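This report refers to the structure that appears directly beneath it.
Remember, it's a predicted structure, so these values are computed and weren't measured experimentally. Atom set for the values below is all heavy atoms of this structure, side chains included, hydrogens, waters and symmetry mates excluded.
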Amino acid sequence: MTATADGFRPGARRGLDACASPRGIFGVLALDHRQNLRRELRPDDPEAVKDSEMVEFKRAVVRALAPVATGTLLDPEVGAAQCIADGSLPGGAGLIVAIEATGYDGPSTARISRVLDGWSVEKAKRMGASAAKLLVYYHPDAPNAADQEALVARVAAECRAVDLALFVEPLSFSLVEGEKLAGDARRRVVIETARRLTAIGGDILKAEFPYDPSVADRGRWREACAELDGASAVPWVLLSGGVDEATFHAQVEIACLHGASGVVAGRSVWAEAATLAAEPRAAFLATTARDRLRRLVDLVEDVGRPWHARATELASAATPDEGWYREYGS
């Protein structure tokens with residue numbers, strides 16, 4: 001159900017504006033990591049990492065970097081509420097909250113995503129989230145692709161029901177056990193995934209770069225990003241993919257020059273801080289990490305396409321008629 005009969009969704013529109021720059025560009029800090037963060041904090045013994053350690057780390061990163069970012073992506077378990085509670089997250093900052101449980105169920109060739117037990121879109125809205133984010137493992141040819149599509153449709157419908165914007169983050173995988181998607185096979189999957197999932201629901205696509213690091217041909221990058229832009233029915237942003245800083249900046253620039261509306265950056269900005277003691281960690285975050293994020297934010301602001309420049313229902317909604325509030329939410 002839409003927020004109003006004509007599709008006017010002021011909550012979703014305001015939520016995306018809160019997470020973007022005044023020009024409509026996303027330079028979002030990603031810190032919704034859970035199990036992956038355990039491995040970053042203590043690579044030799046991730047299971048020994050306590051929740052309190054993750055909370056302490058997230059608060060430190062958010063305090064240092066949220067003022068530079070246009071918005072911040074956090075998880076509901078050890079991130080969002082904790083950073084609100086102690087004031088680490090500025091009151092005026094855009095907040096995107098993850099909906100999914102970390103990891104996946106099932107085999108690696110048919111990965112199953114699910115909503116975190118005890119969590120919901122409605123709860124994210126209630127806590128003050130500007131937007132929700134759903135990570136979904138997806139391959140268009142996987143035997144469970146239809147089930148993953150149904151999950152996207154369900155969460156998108158729940159977001160529409162409470163007028164909350166939704167970022168959809170598909171992560172690709174190989175259908176061959178033990179292999180990684182690479183080259184043109186990855187490009188095909190990333191682009192077909194964008195085509196299928198954005199037709200189902202969501203307001204912003206959080207996309208992988210179409211090529212893996214083994215492909216360095218900038219011409220192929222440009223062609224793939226243009227194809228991805230044409231495939232997506234909604235504005236899209238690029239996620240960081242574990243490449244070095246120079247490569248990532250080049251990927252971001254090409255993506256934005258071919259239609260992307262910004263970037264969501266995580267470990268590429270703050271990873272080294274995870275293994276540092278408190279004092280050097282704070283120094284690293286206040287200098288190196290902040291400078292990295294600032295360069296990304298400045299880059300996407302210069303060359304990104306404003307999210308509301310794409311003709312979507314959310315961006316193109318007409319000014320509401322007199323008395324619109326009577327039907328709002330019904």
Side-chain angles (χ1 to χ4, degrees), residues 1-4 7-19 28-37 51 54-55 58 62 71-85 88-89 91 93-106 111-138 144-171 197-198 200-206 234 237 239 264 266 313-314 327-330:
M1 182 179 292
T2 58
T4 63
F8 179 55
R9 299 163 59 207
R13 171 73 193 233
R14 183 167 173 78
L16 291 184
D17 284 342
C19 296
V28 174
L29 168 67
L31 197 55
D32 59 327
H33 310 68
R34 284 156 277 182
Q35 295 307 318
N36 286 340
L37 181 57
D51 284 0
M54 292 196 287
V55 171
K58 292 193 179 206
V62 170
T72 300
L73 168 61
L74 291 166
D75 66 283
E77 295 177 84
V78 290
Q82 292 83 354
C83 290
I84 291 172
S88 298
L89 184 70
L95 171 62
I96 307 167
V97 180
I99 298 299
E100 76 282 347
T102 188
Y104 60 86
D105 298 331
R111 305 180 186 194
I112 301 168
S113 304
R114 60 182 176 83
V115 172
L116 176 66
D117 290 341
W119 189 238
S120 67
V121 165
E122 191 276 333
K123 287 183 177 180
K125 174 78 170 184
R126 187 190 305 172
M127 78 173 296
S130 309
K133 185 271 296 185
L134 176 67
L135 184 154
V136 56
Y137 288 94
Y138 187 80
N144 67 324
D147 293 333
Q148 298 293 85
E149 292 165 8
L151 174 63
V152 173
R154 176 168 66 83
V155 173
E158 291 171 359
C159 284
R160 291 181 71 88
V162 299
D163 200 3
L164 185 66
L166 176 62
F167 287 69
V168 176
E169 178 184 3
L171 290 186
L197 295 190
T198 62
I200 293 171
D203 300 295
I204 303 291
L205 173 68
K206 186 174 176 235
V234 300
V237 295
L239 60 85
V264 179
E313 177 192 67
L314 190 58
E327 294 183 12
Y328 179 67
S330 62

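- Within the 4.5 Å cutoff, no side-chain heavy atoms of Val28 are placed close to those of Val237.
- Residue pairs meeting the ring pair (Phe, Tyr, Trp, His ring centres under 6.0 Å) criterion with at least one member in residues 146-167, sequence neighbours excluded, are Phe26-Phe167.
- Rounding to the nearest 0.5 Å places CG of Leu116 at 4.5 Å from CD of Glu77.
- With hydrogens and angles disregarded, a donor-acceptor distance shorter than 3.5 Å links the side chain of Ser130 to the backbone of Leu95.
- Across all their heavy atoms, Ala132 and Cys159 have their closest contact at CB-SG, 4.1 Å.
- Residues Leu171 and Leu239 form a side-chain contact, since some pair of their non-hydrogen atoms from C-beta on lies under 4.5 Å apart.
- Rounded to the nearest 0.5 angstrom, Ile84 CD1 and Leu89 CG are separated by 6.0 Å.
- Listed by chain and number, the residues in a side-chain hydrogen bond (donor to acceptor under 3.5 Å, both in side chains) with Asp105 are Arg114 (sequence neighbours excluded).
- Annotation: side-chain contact (heavy atoms from CB on, under 4.5 Å) contacts of Glu100 (sequence neighbours excluded): Asp32, Arg34, Ala98, Lys133, Leu134, Leu135.
- Under the 3.5 Å distance criterion, the side-chain polar atoms of Lys58 are matched with a main-chain donor or acceptor of His33.
- Scanning all heavy atoms of the two residues, the minimum distance from Gly201 to Val152 falls at O-CG1, 4.4 Å.
- Side-chain atoms of Asp147 and Ile112, non-hydrogen and from C-beta on, never get closer than 4.5 Å to each other.
- Residues forming a side-chain contact (heavy atoms from CB on, under 4.5 Å) with Ala145 (at least two apart in sequence, or on another chain): Tyr138, Glu149.
- Using a 4.5 Å heavy-atom threshold, the side chains of Val155 and Val115 count as touching.
- Take Arg14 and apply the side-chain hydrogen bond (donor to acceptor under 3.5 Å, both in side chains) test, not counting sequence neighbours, and it matches no residue.
- For Leu314, the side-chain contact (heavy atoms from CB on, under 4.5 Å) test picks out Arg9, Ala12, Arg13, Leu16, Asp203, Trp307, Thr312, with sequence neighbours left out.
- Nearest heavy atoms, Cys83 versus Leu74: CB-CD1, 4.1 Å.
- Contact annotation: the side chain of Val264 never approaches that of Ile96 to less than 4.5 Å [non-hydrogen atoms, C-beta and beyond].
- Judged as a side-chain hydrogen bond (donor to acceptor under 3.5 Å, both in side chains), and not counting sequence neighbours, the contacts of Ser113 are Gln148.
- Taking the side chain as every heavy atom from C-beta outward, Tyr328 and Asp163 approach each other to under 4.5 Å.
- Checked against side-chain contact (heavy atoms from CB on, under 4.5 Å), Asp51 has the following partners two or more places apart in sequence or in another chain: Arg38, Met54, Val78.
- Residues Ile99 and Glu158 fail the side-chain proximity criterion, which asks for heavy atoms closer than 4.5 Å.
- Val62 and Ser88 make their closest contact through CG1-O, 3.5 Å (heavy atoms, listed as atom of the first residue, atom of the second, distance).
- The CD atom of Glu327 sits 12.5 Å away from atom CZ of Phe8, with the distance rounded to the nearest 0.5 Å.
- Taking all atoms of both residues into account, the shortest heavy-atom contact from Ala124 to Leu164 is CB-CD2, 4.4 Å.
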